[in-house]
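Given the structure is predicted, the values throughout are model-derived calculations rather than measurements.
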Amino acid sequence: MKLKVVSCVLFIAGMTTAAQADRKAADECAASLPANAKYIYETTQASHPTEETGRSIVIGIVEKMIAEGKLTLGEGETAGEAAGTCLEKMK
């Protein structure tokens, strides 16, 4: 019984370490992003995206920024793609 508990704890700890490493890589990537792309990255991260929802969250943020006149369509596409590149490192 103790062996199963210890194995489970070690497995969960290993997963947490991997997730932290992935987040660190994504954050390091985002540190060099231009301001608009960094905003998109940070706002998406705050929404706790999954692999399935990340793209739609980024698109929603970009569309909102375009509607508010903060970005042009071209700027939004570029910023969204740059943020997405860093977010993909979370896999």
Side-chain angles (χ1 to χ4, degrees):
M1 179 69 166
K2 284 185 179 182
L3 182 59
K4 286 184 180 181
V5 171
V6 170
S7 296
C8 184
V9 169
L10 290 175
F11 177 75
I12 292 170
M15 289 186 66
T16 302
T17 302
Q20 289 173 345
D22 292 343
R23 175 65 189 257
K24 183 178 178 186
D27 287 346
E28 287 173 358
C29 173
S32 64
L33 292 174
N36 287 327
K38 191 171 190 173
Y39 173 80
I40 295 165
Y41 171 85
E42 291 171 349
T43 305
T44 302
Q45 282 290 19
S47 298
H48 306 290
T50 64
E51 201 169 325
E52 293 79 26
T53 63
R55 180 178 170 84
S56 63
I57 293 170
V58 169
I59 290 170
I61 294 166
V62 170
E63 287 176 344
K64 182 178 178 189
M65 292 175 76
I66 292 170
E68 293 172 346
K70 295 179 180 176
L71 295 173
T72 65
L73 183 58
E75 292 168 338
E77 184 177 335
T78 301
E81 287 175 1
T85 298
C86 295
L87 289 162
E88 286 179 352
K89 296 181 183 297
M90 291 289 296
K91 292 181 182 179

What side chain to side chain donor-acceptor pair (under 3.5 Å) pairs are there with at least one residue in residues 54-68, not counting sequence neighbours?
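The answer is E68-K70.
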With sequence neighbours left out, which residue pairs that include part of residues 76-88 fulfil the side chain to side chain donor-acceptor pair (under 3.5 Å) condition?
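Listed by first then second residue: nothing to list.
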Could you report the tightest heavy-atom contact between [X] and [Y], atom names first, then the distance?
X: G76; Y: I66; result: CA-CD1, 4.4 Å
X: A25; Y: K89; result: O-CD, 3.8 Å
X: A37; Y: A79; result: CB-O, 3.5 Å
X: C86; Y: A30; result: SG-N, 3.4 Å

Residues which pass side chain to side chain contact (heavy atoms under 4.5 Å, CB included) with E28, listed by chain and number, not counting sequence neighbours
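Partners of E28 under the side chain to side chain contact (heavy atoms under 4.5 Å, CB included) test: K24.
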Test side chain to side chain contact (heavy atoms under 4.5 Å, CB included) applied to P49 - qualifying residues, sequence neighbours left out
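T44, Q45, T53, I57.
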Between atom CD of E75 and atom CG of N36, what is the distance when rounded to the nearest 0.5 Å?
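If I round to the nearest 0.5 Å, the distance is 7.0 Å.
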Nearest 0.5 Å please: distance from the CG atom of D27 over to the OH atom of Y41.
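It is 3.5 Å, given to the nearest 0.5 Å.
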For E52, all residues meeting side chain to side chain donor-acceptor pair (under 3.5 Å), sequence neighbours excluded:
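Counting only residues at least two positions away or on another chain, E52 forms a side chain to side chain donor-acceptor pair (under 3.5 Å) with T50.
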Linking Ile, Leu, Val, Met, Phe, Trp and Tyr through side-chain heavy atoms less than 4.5 Å apart, which residues share a cluster with I59?
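Answer for I59: none, a lone residue.
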Please check if L33 and L71 belong to a single hydrophobic cluster, counting links between Ile, Leu, Val, Met, Phe, Trp and Tyr side chain heavy atoms closer than 4.5 Å.
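Per the 4.5 Å side-chain linkage, L33 and L71 are co-clustered.
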Determine whether a donor-acceptor pair (N or O, by modelled atom type, separation under 3.5 Å) exists between the side chain of T43 and the backbone of I40.
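Checking the backbone N and O of I40 against the side chain of T43, no donor-acceptor pair under 3.5 Å is found.
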